[in-house]
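Some notes on the structure that comes next.
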Amino acid sequence: MVTPPPPAPPPARRSLNHRWLLVLPFIWQVGLVPVVNDVSFAPLHIPFPMCWQLLGIVATSIVVGVVFRLDRRAGVEREEAEFLAATEPAGHTAGSRPDRGPER
């Protein structure tokens, strides 16, 4: 009689506190509106609130990129791949799409 291997130990709990950085774009776009709305400075003849929104897009892109990198370093991609492999429906292969058939 063959004994089954012992179950794998649970993965070490990693810190995902860096995801709190995603609050910064919200604060930028919503929280600081009362401060920005009354500024009369118009760089390049563009109203300051519009410039603020444009800079907010750049800042948000940077924050999302930083969080993505920190997630990758924390091993979230590996965990997601393991989850997808474990929950993949029977008969479904990686190169086929269940709604349209195989990719070309």
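Position 1 is the first residue of the sequence; numbering continues from there.
- Here the CG-CD1 distance, from Leu22 to Ile27, works out to 11.5 Å after rounding to the nearest 0.5 Å.
- Using a 30° and 60° split on the angle between ring planes, Phe41 and Phe48 fall in the tilted class, from 30° to 60°.
- Heavy atoms only, all atoms of each residue included: Ile57 and Gln29 are closest at N-NE2, 4.1 Å.
- In this structure, Asp71 and Glu80 have side chains that are not in contact, with every pair of non-hydrogen atoms separated by 4.5 Å or more.
- In this structure, the side chains of Trp52 and Leu32 come closer than 4.5 Å at one or more pairs of heavy atoms.
- Note that the CH2 atom of Trp28 and the CD atom of Gln53 stand 10.0 Å from one another [nearest 0.5 Å].
- The shortest heavy-atom contact between Val63 and Leu21 is CG1-O, 3.3 Å.
- In this structure, Leu54 is not a member of the same hydrophobic cluster as Val39, with clusters built from ILVMFWY side-chain heavy atoms closer than 4.5 Å.
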